[in-house]
Amino acid sequence: MHSAVAQQTATTLTRSVRRWDRRRRLALLVVWLPRGVMLGLGIGLILALMSRQRPWLLPEEVLTITAAVSAGVALVVLAVVWAWPRSVAHSARYFDRRFDLKERVSTALELATGRIVVPGPLAELQLADATATAGRVQARARLPLRANWREVAALALLAVLLVLSLRDNPQAGKLRAERELEGAIATQVAALEDAIQTIERNPDLSPAEREALTRPLEEARDILKQPGVSQEEAVAALAEASQSLSEMSDGMTPQ
């Protein structure tokens, strides 16, 4: 068998196999990308339902997490389906079965690369038959870009349920109020710690005066740093600290 003919046949069949493989990967993406988005929407729906039972996540946070998970899963699907390595020989065997080619392409590639040795005339006939058969394959018809309509319907249903579950969340207002309170308490804690440090660095105060002045501030700070402290408890602690400082300031210099 002429080596130039074998090389040309191997190149032609390899191009055909790679073209079919790209079509196959594209068809897999059409199927698996919606499934990846379904997974993200399903996780978002679970988070949204849990957030309706107790103040946990705000609707916009649920949407952000849902979008991030969906995009992450979609990228994983894209990487696995499109970038997963497949050898030409492996793909040729797959398409021989998928297109009912009776192992023509895989056998021809082995003949062209010298893995199988047969008499020259027979090998040339085999290569010519494989090339002609591969040229008649309609990959677009055999590998249609078609998603499962049931899965598409389920994807749309999940999206609708997610939107409905995020609307009028009775826990959203409570959660926002809790976070505003936490932010206000954190601000007050920082202010108390600054005041304590200012008192401790004041050279005009005696050690006894520093201790007396910082004690109510530290007590108020410790109360505010307790987990789950209520607004009433925070206000009472600050008021008590202010009252204590006012009482102790009598007799001291204004500074």
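All values derive from a computational prediction rather than experimental measurement. In what follows, every heavy atom counts, from backbone to side chain, and hydrogens, waters and symmetry copies are set aside.
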>> I'd like to know whether Leu45 forms a side chain to side chain contact (heavy atoms under 4.5 Å, CB included) with Leu41, so could you lay out the CA-CA distance, the side-chain angles of the two residues, the decisive distance to 0.1 Å, and finally the verdict.
In response: CA-CA 6 Å; Leu45 180 59; Leu41 291 178; over 6 Å; no
Nearest 0.5 Å please: distance from the [atom1] atom of [X] over to the [atom2] atom of [Y].
| X | Y | atom1 | atom2 | value |
| --- | --- | --- | --- | --- |
| Met50 | Gln171 | CE | CD | 12.5 Å |
| Glu193 | Gln197 | CD | CD | 7.0 Å |
| Glu247 | Leu245 | CD | CG | 9.5 Å |
| Leu39 | Leu155 | CG | CG | 11.5 Å |
| Leu26 | Trp82 | CG | CH2 | 5.5 Å |
| Thr131 | Arg136 | OG1 | CZ | 10.5 Å |

Between [X] and [Y], is there shared hydrophobic-cluster membership here, with clusters defined by ILVMFWY side-chain heavy atoms closer than 4.5 Å?
| X | Y | answer |
| --- | --- | --- |
| Val81 | Val152 | no |
| Val30 | Leu33 | yes |
| Leu78 | Val80 | no |
| Trp32 | Leu145 | yes |
| Ile43 | Leu57 | yes |

>> Test side chain to side chain contact (heavy atoms under 4.5 Å, CB included) on Asp129 and Leu125; report intermediate values, then the result.
In response: CA-CA 6 Å; Asp129 177 64; Leu125 289 175; over 6 Å; no
> Counting heavy atoms not belonging to Gln8, are there more than 12 under 6.0 Å from its CD?
Replying inline: no
> Taking everything shown except Gln231 itself, do over 12 heavy atoms lie less than 6.0 Å from its CD?
Replying inline: no
With side chains defined as the heavy atoms from C-beta onward, is the minimum distance between [X] and [Y] less than 4.5 Å?
| X | Y | answer |
| --- | --- | --- |
| Val137 | Trp20 | yes |
| Phe95 | Arg142 | no |
| Thr9 | Leu111 | no |
| Thr14 | Leu109 | yes |
| Val189 | Ile185 | yes |
| Arg210 | Pro207 | yes |
| Leu143 | Arg98 | yes |
| Ser51 | Val62 | yes |

> Considering residues at least two apart in sequence or located in another chain, which fulfil the salt bridge (charged side-chain N to carboxylate O under 4.0 Å, His left out) criterion with Glu151?
Replying inline: Arg35
> Of Lys102, Arg97, Arg104, which meets salt bridge (Lys or Arg N to Asp or Glu O under 4.0 Å) against Asp100?
Replying inline: Lys102
> With sequence neighbours excluded, what pairs up with Tyr94 under the ring pair (Phe, Tyr, Trp, His ring centres under 6.0 Å) test?
Replying inline: none
Identify the two heavy atoms, one from [X] and one from [Y], that lie closest to each other, and give their separation to 0.1 Å.
| X | Y | answer |
| --- | --- | --- |
| Pro34 | Leu29 | CD-O, 3.9 Å |
| Ser91 | Arg86 | OG-CB, 3.7 Å |
| Leu238 | Leu224 | CD2-CD1, 4.0 Å |
| Ala108 | Leu13 | CB-CD1, 3.5 Å |
| Ala6 | Ala112 | O-CB, 3.4 Å |
| Ser106 | Asp96 | OG-OD2, 2.6 Å |

> According to the side-chain hydrogen bond (donor to acceptor under 3.5 Å, both in side chains) rule, which pairs have a member within residues 56-70, sequence neighbours left out?
Replying inline: Glu60-Arg176, Glu61-Arg179
> Do Arg23 and Asp21 pass the salt bridge (charged side-chain N to carboxylate O under 4.0 Å, His left out) test, and can you show the C-alpha distance, the side-chain angles, and the key distance before you say yes or no?
Replying inline: CA-CA 5 Å; Arg23 182 71 181 186; Asp21 186 62; over 6 Å; no
> Going through the checks in order, is the side chain to side chain contact (heavy atoms under 4.5 Å, CB included) test met by Leu217 and Ile199?
Replying inline: CA-CA 10 Å; Leu217 298 179; Ile199 293 172; 3.6 Å; yes
> Taking Thr113 for the side chain and Glu110 for the main chain, is one N or O donor matched with an acceptor at less than 3.5 Å?
Replying inline: yes
